Every structure is written in structure tokens, then in C-alpha cells.
Amino acid sequence: MTPGEIRTAVLDILEGIAQDDDLGQLDDSVAFREQLELDSMDFLDIVMELRKRYRVQIPEEDYPKLESMGSTVEYLTPLMADISA
Amino acid sequence: MPKDFLKDAKPNYDVIVIGSGLGGMTTANILAKSGYSVLLLEQHYKLGGMATWFKRPGGKIFDISLHGFPYGMVKSCRRYWSQDIADQIVQLKGVRFDNPMFSLTTTYNRNDFTNLLCNDFGVEEAKIKEFFDFARGMNFYDDQKITTGQLFERFFPGRQDVVRLLMEPIVYANGSTLEDPALTYGIVFSNFMSKGVFTFKGGTDQLVKRMHQEMKDNGVDSRINCSVESVNVERGKVKSVTVNGREINAKAVISNANLSTTIFKMVGAEKFDKDFLDEARDVRLNSTSTQVYMSLKEGEQVEHSTGDLLFSSTSKEFSTDKLLSREITSRTFSFYYPDLRPNPKNRCFIVSSTNANYEDWSTLSKEDYEESKRELVENTLDALEEYVPNCREKIDHAEAATPLTFEHYTRHERGSSFGTKFEGLGVSRGLPEQIQGLYHAGSCGIIMSGWLGTINYGVIVANDVDSLLMKQASSVS
């Protein structure tokens, strides 16, 4: 997957989790937490969905890398490079 | 021949969950939904663990732990259970306090509390905002040195009344005390303050029934009257459990039983490192409770204005010791009205809960024990009289449960109502590092206690188990 495809994939997961938020306005460089009503369970859901859909394993110590859309895509790019969109 | 409660159980499962408390059922449900074969074993004759109820003739039904939970429960039920379950969650708007310091009714959320603290308690608004923001910003990774008592002293020095308002409900929600790390308070308090207190419309029996159905639909093989004798470990890995005399294999075992029962009785101390055992031995159990269950006669009602949850106390001051003491001065009354807690005769039920010390009950002779139970019922009726006038004439059934009752039905060590104290969380999380495939999900560490806490902990552990099983599958193929 390309970084653009990964962004779309993450956005799709977020849509299921942050149902009350407007994701169209999402700023990739700003932390999710500052723009969306996300709590720690929501971040866990992102991790679980990524594993379920794309079999990507994210160890707990790497959770902070999912801080913003920009950092998430950057972190996932090498992990998801071999996955076809 | 006795009934075989394991009839047609398979010899192998991907996952075995021991205990069907809300945490255990949630883990089982998520993993079954992810495609794993799951066996859920419950020692009691019904599912639910501490999320339970009992019936008495004449259409009486009593909820044990359905007192109220934060709004986060809606999201957790929708996501990890079903929309249908989430849709049954409704707000309890009448949270009432009555003690020598103050009497008030609140919706128990941030706006209402800000108004109360500002107008009735005369606290500066900026200070209130600062406190709420600080509490909300707390998370599990924070500094654990500051205690809840110190937190209050920092923000509201010398204000016993403010501390009481902020603390009393949380003591009943998760058993935490002023001496516990502040984050155990901050997280739970903020969860409640986000929107208020909620309940499950229909009662605990309806919730557990729907969860049972949902698990069935997702393929969980759940069994009651199945008491696990041991969790068997081979070469540092979980191999099987022995239940009702039969050995059943599994790649992962999640215990929703008490943490120390899991380590010392089911697995056995010899399977763990010495340092880990030392840590495990130092884990303190959380406090236990007594309860009195009362039903009103058919046709008798309690005014809705009496409240849904009433924190009542005759103690002039507020202290943790006083809340636990047998010289009961504080009680929480949960009022179950027939519109939220439907029952065939439209009765109103009242459950009084008090935190308690196990030793105060376990050391009594049989006669003294029975006498103490009678006393507990009588004292509770006396206390209730102030809120429900002539309650003795209106009530046709009252009975008590003690720490020994909880111990008997849930097999929680010393009847613990909220699992373990804070240090239990580290031990619970450390199990899979000791034995591959062994996990614990259940009330522990105070944060992971209460209905929402234990469900969310069940989710966290399901995530860990899924991760392990997927890794194992990819290394085999």
C-alpha cells in the first residue's frame, strides 16, 4: 500500500470509531486527541482493526506513534508496503 | 447419573475463558467474533459473576451490582457487544447526597458539579476548572506517588465537605480510598463526570441474557456448573485446563477468576519466578461489602424524587475507615423503580450497600453471624425510614448479604467486591510474560473495576490474546 492508500485505510477505521466527529477537517499534523473525541479505548480499537483487516501487529510500546494521522501513516508505511490495497 | 455439564465439549479450543464475569464474557465474545474457538467455563449455575441478580417468590428480583456506570458503557457495549444492548442504557438523573455536611441532588456531571461547587460550596470557578482538567488528564502511565487525599489537599485544602462530595460515590463505585494513587480516582471520576450516571434498563438479568445470546450467535461454547480445578502448564506454556475432572486443551487461557486464586490455586506457585510471586503475594484485595435487599409490597411506591442513588451518612466527618467499619454510618441506597427495572408485579426494590471488612464477619460464630445479619437489616430499615416514611409497613421482604455471601457465590477471595488494589494490575498484566498464553482479565487495580472497567479490561486482554494467536498462526504456516 502507498502512504495515500494507508491514509484512506486509517480514515475508514476512524469513521467507525469516531462516529460523532467530522473527519473531513482532520489536520494530519495535529494529534488525533486534540481534534477528535478519542479516548484510550479508541486507540486500542484502531490497533485491533488494523490487525483484523491487514494483519499488522503493533506492539504496545509503539502506540504513541499513532498520535496523529501523519505519524500513523509514516509508522505504518514500511509495515504495510507489501499489502495490496 | 449426575448431569454432565461438559457434554459434547471438544477436546481442544483456541481459547478457554475461566469465569463469566463481565470481563470474561467480553473477552470470550470478542475472540469468538474474531473467529477463534472459545470455551467459557463458569463455576456458578448462572453467567454474570458479580453482575448478577436473584429472585424471591412473588415476583421479587434484586440486582446486586447494577448501581450505575459511566456513559462510556454505551460505547463499549455498542462496539464489543451489540447496538441492541447499548440501546438499553439510560441515564439516572437523581443522584442524591444526605449527610451532616450537606444535602443535595445532582445529575452528577461536570456542569452540575461546577455549579454546585461554585454556588453552594463557594469554591472559585477557576479552581474547579483546574481540578476537572487535571483529573481528566490523568492516565495509567502517570506518576503514581500522589494519593487521592493529597490531590484533594492540593486543590481544596481543608475542605472536608468538598472532599466528601467528590469522593464518596467513587468509594462505592470502585472501592478506592483517600490513600490510593490519585489516578485511580481521577480516571473513574472523570469517566462519570463526562455525562453522568447510567443504568441498564431491564435489569441485570436482561443484560446477561442478551450477552449470553450474543455469545451464542458468535459461537462461544459457554458452560455453567463447570469448576476449573487447574490450569496446566508445560515448558513455560499454557497447555490445558482441568475442569470437572476432564482435561481440555487450549492455546490461550484467560482467567476472569480472582487474580491470586488464578496464580496460587489454579496454576500453582511453582510455575512462576520468585520475584513475580513476591509481587503477587503483596497484592492487596479490594474491600468487600454488605448489602440489604428490600422489596416494596405490590401497589406501594416510592416517590421518584427520593432519587435513584442516595449516598446517605450520619457521620459528621468523612474518612475511609469509617466507610469500612461495622459501626455503619454510611450507606448507598439504590432505588429500582418499575419503569427502569421492570418486574411482573410492578414492584419497587431498594438495595442498600455498605463497604465492609471481611474479618468483621468471618470471625463470628454461627449464632452471632445470623444475629449480625438481622441487626444489619434492622439498622438499614431504621436508616431508610428518613427517606421512605413508614418503610417498615411498605416493605414485605428484606434480607442481607455479607462478605461471606459474596465469597460463597463468586469465589472471590475474602468476598472482594472490586478485585484487587492498584498493584494488582501490574501482576495481572505480567502473567503472559511468566507463562505464554496465560492471561487474567477481571476487576483489578481499581481502574479496571466496576462494570465499565472490567468490560474494557476484557477488551484489552482480548487484543493481547488475538495478537499472540495470530503470531503463533503465522509462525506455524
Side-chain angles (χ1 to χ4, degrees), chain A residues 1 6 9-23 26 30-68 71-72 75-85, chain B residues 26-27 29-31 33-36 70-80 83 86 136-142 183 186-188 190-191 193-195 429-430 432-433 441 447-448 452-475 477:
Chain A
M1 286 173 102
I6 293 171
V10 174
L11 205 57
D12 191 54
I13 290 171
L14 273 177
E15 270 164 12
I17 292 166
Q19 291 181 349
D20 302 331
D21 288 302
D22 177 14
L23 295 169
L26 193 71
V30 176
F32 288 127
R33 214 179 256 275
E34 284 169 31
Q35 308 175 71
L36 310 171
E37 290 267 334
L38 294 188
D39 58 26
S40 56
M41 290 307 290
D42 295 318
F43 281 96
L44 185 65
D45 278 333
I46 298 173
V47 171
M48 282 164 57
E49 279 301 313
L50 282 168
R51 188 169 58 236
K52 205 186 276 176
R53 296 184 191 189
Y54 304 103
R55 304 181 72 83
V56 183
Q57 296 267 23
I58 303 174
E60 201 171 322
E61 58 270 24
D62 288 348
Y63 289 2
K65 296 193 172 140
L66 309 180
E67 196 195 12
S68 68
S71 68
T72 303
Y75 171 72
L76 291 174
T77 299
L79 296 176
M80 295 174 72
D82 297 340
I83 298 168
S84 48
Chain B
T26 302
T27 306
N29 192 48
I30 292 175
L31 291 171
K33 239 202 270 195
S34 305
Y36 297 108
Y71 183 73
M73 190 77 174
V74 174
K75 199 169 72 182
S76 289
C77 283
R78 187 179 67 217
R79 250 191 243 152
Y80 315 117
Q83 186 67 47
R136 207 173 89 94
M138 289 182 140
N139 70 59
F140 177 55
Y141 306 100
D142 284 346
L183 68 97
I187 291 175
V188 177
S190 302
N191 282 345
M193 280 294 129
S194 79
K195 292 215 162 77
R429 300 291 287 152
E433 287 158 30
I447 307 170
M448 304 299 181
L452 178 61
T454 191
I455 284 184
N456 285 349
Y457 195 34
V459 177
I460 291 170
V461 173
N463 174 55
D464 295 342
V465 174
D466 184 31
S467 176
L468 172 83
L469 294 179
M470 194 176 276
K471 240 182 258 165
Q472 282 182 350
S474 58
S475 68
S477 59

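Quick note: numbers below take in every heavy atom, side chains included, and nothing from hydrogens, waters or symmetry partners. Note on naming: letters A, B, ... go to the chains in the order of the sequence lines (proteins, then strands), and numbering restarts at 1 for each one. All of these numbers come straight from a predicted model, not from anything done at the bench.
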Problem - Pairwise distance OG(B/S190) to CG(A/D39) - rounded to 0.5 angstrom - result: 12.0 Å

Fill in the blank from the handout: Residues B/K471 and A/Q57: closest non-hydrogen pair is N-NE2, 3.7 Å

Exercise for the section: Assess whether atom CD of A/E37 is packed by more than 12 heavy atoms of other residues, nucleotides or ligands within 6.0 Å. Expected result: no

Exercise for the section: Apply side chain to side chain contact (heavy atoms under 4.5 Å, CB included) to B/N463 and list each qualifying residue two or more places apart in sequence or on a separate chain. Expected result: A/L44, A/V47, A/M48, A/R51, A/Y63

Completion exercise
Hits for salt bridge (Lys or Arg N to Asp or Glu O under 4.0 Å) against A/D42, two or more places apart or cross-chain, chain-then-number order -> B/K75, B/R79

Fill in the blank from the handout: When the 4.5 angstrom heavy-atom criterion is applied to A/I58 and chain B, the contacting part is neither

Problem - CD/B/E433: more than 12 non-hydrogen atoms of other groups inside 6.0 Å - result: no

Exercise for the section: Pick one of side chain, backbone, both or neither for B/S34, based on which atoms fall under 4.5 Å of a heavy atom in chain A. Expected result: side chain

